[in-house]
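What follows is one structure encoded as structure tokens, with my remarks underneath.
Throughout, a chain's letter reflects where its sequence line sits, starting with A, and its residues are numbered from 1. These numbers come from a predicted model, not from an experiment.
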Amino acid sequence: MSVARFWRKIPQRYNLIGTRCESCGRHYFPPRSFCPDCRRGGKIVEYRFPGTGKVVTHTVIRAASEQFENTTPYVLAIIQLDEGPRLTSQVVAKPEDVAVGTRVRSVFRRIMADGESGVIHYGTKFVPVKSEK
Amino acid sequence: MVGIITYGVYIPRFRIKVDEIARVWGANSDEIRGGLGVYEKSVPDLDEDTATIAVEAARSAMARRSIDPEEIGAVYVGSESHPYAVKPTACTVGEAIRATPNMTAADYEFACKAGTAAIQTCMGLVKSGMIRYGMAIGSDVAQGAPGDALEYTAAAGGAAYLIGNERPIAEIHHTCSFTTDTPDFWRREGQNYPRHGGRFTGDPGYFRHVQEAARMLLSKMGASPSDYDYAVFHQPNAKFPRRVAQVLGFSAEQVKPGLVVPRLGNTYSGSSMIGLAATLDQAAPGDRIFVTSFGSGAGSDAFDIEVTDTIQDHAIFDQAKAPTVDSLLQDPVYLDYAQYARHKGKIVMQQ
Amino acid sequence: MRDVAIIGIGCTTFGEKWAASFRDLFVEAGSLALKDAELSGEHIDAMYVGNMSAGRFIEQEHIGALIADYAGLSTRHIPSTRVEAACSSGGLAFRQAVIAVASGMEDIVVAAGVEKMTDVGTGVSVDTLAGAADREWEGFMGATFPGLYAMIATDYMHRYPLTREQLGMVAVKNHRNGAKNPIAQFRSEITLETVLSSALVADPLRLFDCSPITDGAAAVILAPLDRAREFTDTPVRVLATAQASDTIALHDRRDISCLDATVVAGERAFAMAGLPREKIDFLEVHDCFTIAEICAIEDLGFCKKGEAGRLTEEGVTALNGDLPVNTSGGLKACGHPVGATGIKQVCEVVQQLRGEAGARQVDGEIGLTHNVGGTGATVVVHILGVT
């Protein structure tokens with residue numbers, strides 16, 4: 001991923017910045033500047049998702065693409081944030097600790113790096129909440 | 001009065017036992033454990049580094065107190081293992097806690113005391129009225145050369161302190177430093193692992209600087225060790241801080257709550273800062289805490305800290321909103337040496 | 001709108017074809033199709049070529065022009081168009097060709113598909129295929145294509161009674177069919193045990209749940225139905241063409257285990273053909289992964305959600321069953337040269353309808369093809385029948 005392309009979405013990647021339509025209450029991640037339900041009647045404002053949610057479905061990636069090769073096996077999941085939107089992310093946990101419905105919260109982790117000399121891409125992953133002390 | 005507004009700590013969940021490292025190098029684990037007073041050390045996950053640890057610690061600090069991140073005027077991150085040689089960790093942290101863009105930032109390096117140097121800088125910026133709040137972080141994923149004595153203790157972790165002067169949970173009455181050009185431990189640019197002067201790191205390094213800075217502070221405050229409830233020293237192992245405490249006149253009880261190294265290892269820039277956090281985790285209003293860090297190269301920063309009523313005012317500061325040091329030390333996941341080497345990037349991968 | 005017929009088909013063998021280049025593959029398939037239709041190049045009015053990613057696999061774009069040139073048609077200056085919809089590029093190329101003939105714009109049109117995947121290493125292939133999904137919000141987070149279908153499988157198996165064994169039986173069946181297909185990449189049968197003990201790729205999907213990396217090309221020639229018998233005694237009629245789209249990211253779907261684009265495209269196809277589902281005699285569906293075949297059978301409406309596993313186990317979808325699925329061996333055993341698959345599916349149905357399918361021949365007068373792009377963001381369905 002080019003430096004500009006990664007940088008452009010830093011607010012979404014680091015801080016789960018999306019939007020919310022104040023007219024109908026619907027939340028959007030990634031952000032939408034136009035509410036498909038309310039259309040011109042909608043009032044869109046920025047919304048930062050606190051990052052709590054649950055696992056909708058999951059898998060364990062054992063054969064990854066190049067940039068992720070050295071971190072396998074890892075848990076990939078579709079997570080539903082409490083406000084409604086879904087996203088795809090990794091869950092940092094042992095595979096046996098992740099199931100459909102597991103509650104999760106967001107953490108800040110390294111996603112990938114552009115080789116040994118390129119830019120490091122940071123972003124948001126999730127951890128199960130039950131493993132909290 | 002300038003002081004600590006809020007604080008947070010992050011420790012990765014993986015550990016490796018000193019015994020396991022000793023097994024690989026054919027060393028006597030009883031001797032090593034006994035000599036260092038350390039049982040196990042923390043190890044970062046495959047996707048953790050100094051920046052991710054710094055962010056988690058800073059976010060924990062922000063979770064405990066309602067602070068508008070845009071009011072943070074400075075972010076400084078001290079480390080020996082910044083992910084980039086050029087491109088500050090402080091920028092990534094600033095972005096992740098939403099303090100950007102109206103802030104100043106820089107990364108610090110002063111071996112294990114880079115984080116406390118950041119605290120001092122933030123104190124100056126706050127006291128002079130230049131900023132309202134400053135975030136000072138000490139974070140490291142420390143490296144020790146395979147087979148070297150440092151490998152047993154080089155650990156991963158970080159602590160973040162938000163400095164300000166509006167209703168701090170602990171006031172910093174004074175800070176002073178003792179700094180000289182002393183080559184006790186160093187790492188040249190481009191080298192993977194640090195080197196050290198062996199026994200030279202003791203008296204001319206750690207002990208001289210900690211003692212001199214500590215005595216300077218006691219003299220300035222007109223105080224003696226018994227005036228304090230707690231003392232926190234830099235913890236490369238369990239022996240050095242206990243010995244320097246004794247030499248200075250502090251008791252084992254004063255040092256105990258802040259002595260985290262036996263189950264954590266030496267988190268380098270995080271070391272004394274995590275020790276202070278562990279102390280604050282159980283401190284009461286009115287408690288006086290004496291802190292002296294040490295960074296090779298060399299220097300020590302000493303702090304006279306007094307806990308205020310605000311630390312127990314849940315309307316303002318809620319410690320329960322983020323994990324305590326003790327809770328972060330529970331339920332570790334143990335690795336064997338091979339997994340540890342993979343996590344620490346000690347295995348040369350195909351480019 | 002005119003009725004459209006298929007007058008010629010051609011397919012290369014599918015597999016790791018080290019000696020064949022991208023251009024070689026296309027020329028071979030095209031030549032076979034022309035020979036089958038007894039046509040020469042100068043009869044061709046237009047070409048549509050399905051290709052997912054020549055840009056990444058062989059660093060070549062401008063495929064429409066390239067193909068026309070290497071087909072020897074540069075002096076004819078015919079319109080030649082590359083069509084891309086990830087893994088449904090071939091099916092979509094066929095649809096564009098059908099529309100061109102049906103509209104009266106063109107008469108004799110080639111619809112082809114080609115993909116050369118083995119000129120790059122596996123790491124690059126896997127990453128290129130991930131471009132069929134959402135790079136920004138799925139790929140960047142570490143999702144792989146098998147990983148996305150694995151998440152469909154996890155969701156499906158959480159909600160419906162599909163066993164791991166039933167899922168494996170899809171692969172066993174397709175290999176049994178592929179063993180009878182001269183062009184298939186894998187010509188040997190496998191046991192269920194082989195499937196269940198193969199290496200995990202993305203839990204619960206194992207190596208033998210996944211279609212392979214393949215080189216190959218296929219081509220069909222279309223003509224208006226009322227001219228078809230000028231060229232062939234066995235024209236096959238295109239009874240319906242349908243296409244539907246959906247969100248690119250799996251996490252934005254209404255229902256993770258139901259490809260709405262399949263449901264809609266299927267319904268549109270049946271409406272256009274004016275046929276009920278019972279009239280369909282056999283299917284070529286998009287089994288990029290075993291779970292995809294399960295969902296396809298259900299989402300096309302041939303049984304209720306949750307039943308396709310049982311149907312597979314009972315042999316209903318086998319070669320000698322009531323509703324044979326993937327007589328070619330599917331993507332799993334025949335292979336999946338991405339852009340070519342949709343065209344190969346048409347070739348298989350045509351061979352079946354003509355009675356030319358040899359050891360894998362089934363009875364039937366109407367067949368259906370189902371081609372999916374990504375995890376279901378594009379679906380193309382065609383219904384073909386004897387005239």
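The choice from B:Val333, B:Leu46, B:Thr52 that makes the most heavy-atom pairs within less than 4.5 Å of chain A is B:Thr52. Taking chain B as the reference chain and counting heavy-atom pairs below 4.5 Å, the highest number among A:Arg110, A:Met112, A:Arg109 is found for A:Arg109.
By the neighbour-count criterion of 12 heavy atoms within 6.0 Å, atom OH of B:Tyr39 is sparsely surrounded, having that number or fewer from other residues, nucleotides or ligands. The number of heavy-atom neighbours closer than 6.0 Å to CD of A:Glu22, taken from other residues, nucleotides and ligands shown, is above 12. For B:Lys346, the NZ atom counts as densely surrounded, since its 6.0 Å shell holds more than 12 non-hydrogen atoms of other residues, nucleotides or ligands.
Residue contact with chain B, scored on non-hydrogen atoms closer than 4.5 Å, involves the side chain of A:Ile17 exclusively. For B:Thr324, no part lies under 4.5 angstrom from a heavy atom of chain A. With a 4.5 Å cut-off on non-hydrogen atoms, A:Phe108 touches chain B through its backbone and its side chain both. Interface residue A:Arg48: only side-chain heavy atoms are found under 4.5 Å from chain B. For B:Glu56, the part lying near chain A is the side chain, with the backbone staying farther off; criterion is any non-hydrogen pair under 4.5 Å. Both the backbone and the side chain of A:Ile120 come within less than 4.5 Å of a heavy atom in chain B. Within the 4.5 angstrom heavy-atom criterion, only side-chain atoms of A:Lys125, from C-beta onward, approach chain B.
The minimum heavy-atom distance linking A:Asn70 with B:Arg342 is given by the pair O-NH2, 2.7 Å.
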For this session: Verify side chain to side chain contact (heavy atoms under 4.5 Å, CB included) between A:Tyr14 and B:Thr92, making sure each step is shown before the conclusion.
Result: CA-CA 9 Å; A:Tyr14 285 8; B:Thr92 301; 3.7 Å; yes
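B:Arg98 places no side-chain N or O within 3.5 Å of a backbone atom of A:Asn15 that could act as its donor or acceptor partner.
The shortest side-chain heavy-atom distance between B:Asp47 and A:Thr71 does not fall under the 4.5 Å cut-off. Between B:Lys87 and A:Val119, the closest side-chain pair of non-hydrogen atoms is not below 4.5 Å.
For the residue pair A:Tyr122 / B:Asp49, a side-chain donor-acceptor distance below 3.5 Å is found, with atom types taken as modelled.
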